[in-house]
Structure formats: C-alpha cells, structure tokens
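Contents: one structure, followed by commentary.
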There are 2 protein chains.
Amino acid sequence: MSKNCRFAVAVHIAAVLALSGDEPATSEWIAGSVNTNPVVIRRLLSALSKAGLVRSLRGSAGGSLLARPPERITLLDIARAVEEDEGPALHHQPPNPACPVGRGIQPVLVRVIDRAEAAREAVLGTTLLSEVVTQIRAEAMG
Amino acid sequence: MSKNCRFAVAVHIAAVLALSGDEPATSEWIAGSVNTNPVVIRRLLSALSKAGLVRSLRGSAGGSLLARPPERITLLDIARAVEEDEGPALHHQPPNPACPVGRGIQPVLVRVIDRAEAAREAVLGTTLLSEVVTQIRAEAMG
DNA sequence: GCGAAACGTAATCTCATCAGTTACAGTTTA
DNA sequence: TAAACTGTAACTGATGAGATTACGTTTCGC
Ligand code: FES
Ligand code: FES
C-alpha cells in the first residue's frame, strides 16, 4: 500500500484489544494477526499507552488491555497517539524574504493547512472505536 | 520543517505566477524566490501544467503563466496536481485472514480515511488562489 | 526461589521517498 | 547562429519507517 501504516495498524491493534475484552493480548498474538513483527506492535502499544488508551501488564501471562471502553475511544485519540506531530509541511529552506511572496506566504499556508487538518480531525473525532469494531464484525461475517 | 513541501512550494509558485500576471516567469526566477533549485520548480510546473493550471512557453524569453485567472484556481486543484495519489495508508503486508479483525478491517479503514480526506479536501476546495494572494500581500506589507 | 513468558527499548539493516544537483537534448527568439 | 529557456533523465545524500535481533526487566506458576 503506501506509507504511514502506523495509524492503520494502531486501529487494528485497538480493535483486537476491544474484541479480546478482559483477556490480555500479547504482542506476539497481535503481531500474528496484523502479520508483522511483535516489536512493531510493542512500539505502537507503547505510544498508545503513553496516550492513556491502553494498559500493559508485564511479566508472564502479561499482555495489553484497553484502558477504557471502546465507546470512549475515538479514532482521533488513536491518530494523535501514534502520528508524530509534524507542524504543517512548509518549505525546507526559508523562502527568499526579498520576494513579496516569500515574505508573506508562510503564515497564510499555515492557516490554510491547519484549517484543512482540523476538518480531517473532526471526522476522526466523531468516529468511535466501538463503531469501527461493529463494522469490522459485519465485514468479517458478511 | 517537515516532509512534503510539494504542496507548499506549488502554492508558492502559483502565487508568484499570479502576481507576475502576463509576464512569463522563468523557473530560475521562481527558484530564486522559493530559495531552491530551478529543476525542483520545473518538476512542479510540469505537474501543474499536466493538470491544466499552468502554461509554459519554451525557448528564449520563455517562462510560465497561469492558464486561468487565480479566482478560478482552488488550492485543491493545486494539491491534486502535485500530491501523488496514494490510496489510503493501510497495512504493508495484508493482515492475517484467520483473524476476524484482519479479515474485516481494511474496507472499514478505507471508508473512514476517505471520509476524513474528503473533509480536508472540502476546505482546500473552497480556498481560492486569489484569496491566498490577497492574504500574502497583506502579510508582506503589514 | 527458579524458570518461563512477557514487556520495554536500543541498535541495525533495508528500502522507499524526496529535495537538490548536474547534464543534456529540444525549442524559440533576436 | 547564439543565447536563453523548457523538459527530463540520472545521480547523490538525507530522512523516515518497518523488520529484525538482542538484551535487560518484570511477573506468574510451580
Ligand atoms: S519566496 Fe517562495 S516564491 Fe518568492
Ligand atoms: S490484528 Fe490486523 S489482522 Fe488481526
């Protein structure tokens, strides 16, 4: 596919945890489901844990659990947890201040890109993990 | 800054063309303004040209012009022209079909990501290049 | 206690992408 | 014809991400 599977895989992880309920899921089990390496899963679990979405139990018989019910986790929570916060994508080199465009463009671009990003986040913020799990179940059965 | 300056630089280019009006702007002049290499500019001009937003005149005294007035170019036009069309960012490896989540998650993710992307594009689609140029002028003066 | 089973994290490898650059062939005008 | 452009192709170097290996730490069951 394309880059930044982080979000996709993080939702995948959250869905697995939602379905396994009280049973802690190990990174190795989740990795088998996602079809990747357990360390990749642990790295994302670590980010989700720092965001307070997931609890991890160490030691034998350990694993991970959702920190709160899937009705209270939005996809925006997940995206914020695992997508590193890049400021808006602007010029590599600062533009030439001798040119009127170079002098004035950056704040204008930041405003527009921020508004566009806010619109995207509004959609993710109103999508609950529980809804996603329901839809996944429907797809998997159908 | 961060990656994918393509959009930022493309808007920069379009703004310069809008301000230079009927005078064809050379890639070298634009590059001086953006503070980068002329070939980077020509690559983006080529993409803008394929999208019908820009006309380029070859030969001596050549250069580039907007193909239509800035009131009829949206930032979405520019974004579509220069951002390569990646399908939504999903798993690298196909998920494990033996797991219910793996079996059902992909279409659900595609729907959500597409809706979020549509919201972002709606904002860009209602922002005109002419508005951006006006704001740039205000920033550069103020 | 001991050992097996997990997590947490650092280090490395590989691969893709992209900006930047050089080079050069084709086009147009003076 | 010479100068000034555009349009690409090819190469380089930096950056970022996933995959993998490795190892220290924590915890449970016996
Ligand atoms: S600074 Fe980007 S074109 Fe003038
Ligand atoms: S966790 Fe991705 S396929 Fe089951």
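In what follows, every chain begins at residue 1, and chains take the letters A, B, ... in the order their sequences are listed.
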Q. Taking atom P of D:dT15 as reference, at what distance in whole Å does atom CD of A:Gln93 sit?
A. 12 Å
**Q.** Nearest-Å distance for atom pair CG/C1', residues B:Asn35 and C:dG20
**A.** 12 Å
Please report, to 0.1 Å, the donor-acceptor pairs under 3.5 Å made by any side chain of residues 20-29 of chain A, with sequence neighbours excluded.
residue: A:Ser20; atom: OG; partner: A:Val16; partner atom: O; Å: 3.3
residue: A:Ser20; atom: OG; partner: A:Leu17; partner atom: O; Å: 3.3
residue: A:Ser20; atom: OG; partner: A:Glu23; partner atom: O; Å: 3.3
residue: A:Thr26; atom: OG1; partner: A:Trp29; partner atom: N; Å: 3.0
residue: A:Ser27; atom: OG; partner: A:Arg42; partner atom: NH1; Å: 3.1

(Q) If I take atom NE2 in residue B:His12 and atom C1' in nucleotide C:dA19, what distance separates them, rounded to the nearest angstrom? (A) 16 Å
Q: Give me the residues of residues 36-60 of chain B where at least one heavy atom lies under 4.0 Å from an atom of DNA chain C, by number, or none.
A: B:Thr36, B:Asn37, B:Val39, B:Val40, B:Arg42, B:Arg43, B:Arg58, B:Gly59, B:Ser60
**Q.** Test side-chain contact (heavy atoms from CB on, under 4.5 Å) applied to B:Ile73 and B:Leu128, step by step
**A.** CA-CA 6 Å; B:Ile73 296 180; B:Leu128 300 176; over 6 Å; no
Q) For the side chain of B:Asn96 and the backbone of A:Gly32, is there at least one donor-acceptor N/O pair under 3.5 Å apart? A) yes
Q) Out of curiosity, A:Leu75 CG to A:Ile78 CD1, how far, rounded to the nearest 0.5 Å? A) 5.5 Å
Would you mind writing out the side-chain donor-acceptor pairs for residues 113-121 of chain A within the sub-3.5 Å range, not counting sequence neighbours?
residue: A:Arg115; atom: NH2; partner: B:Thr127; partner atom: OG1; Å: 3.4
residue: A:Glu117; atom: OE2; partner: A:Arg120; partner atom: NH1; Å: 2.7
residue: A:Glu121; atom: OE1; partner: A:Arg80; partner atom: NH2; Å: 2.7

Q) Just by distance, do the side chain of B:Ser49 and the backbone of B:Leu45 share a donor-acceptor pair under 3.5 Å? A) no
**Q.** Between P of C:dT17 and CZ of B:Arg6, the distance in whole Å
**A.** 12 Å
Q | Nearest-Å distance for atom pair CH2/P, residues B:Trp29 and D:dC5 | A | 13 Å
Q.
Looking at B:Asn35 and A:Pro94, would you say the former's side chain and the latter's main chain have a donor-acceptor pair under 3.5 Å?
A. yes
Using atom types as modelled, flag every donor-acceptor pair under 3.5 Å from a side chain in residues 51-64 of chain A to any protein atom, sequence neighbours excluded.
residue: A:Ser56; atom: OG; partner: A:Ser64; partner atom: OG; Å: 2.9

**Q.** For atom CD of A:Glu23 and atom P of C:dA5, their distance in whole Å
**A.** 17 Å
**Q.** Axis deviation across the helix from C:dG1-D:dC30 to C:dA30-D:dT1, five-pair ends, to the nearest 10°
**A.** 10°
Q: Sequence neighbours left out, what passes side-chain hydrogen bond (donor to acceptor under 3.5 Å, both in side chains) with B:Glu71? Give chain and number order.
A: none
**Q.** Atom pair distance, as rounded to whole Å: CD in B:Glu28 and P in C:dT22
**A.** 13 Å
Q.
Rounding to an integer number of Å, can you tell me how far A:Glu83 CD sits from D:dA17 C1'?
A. 14 Å
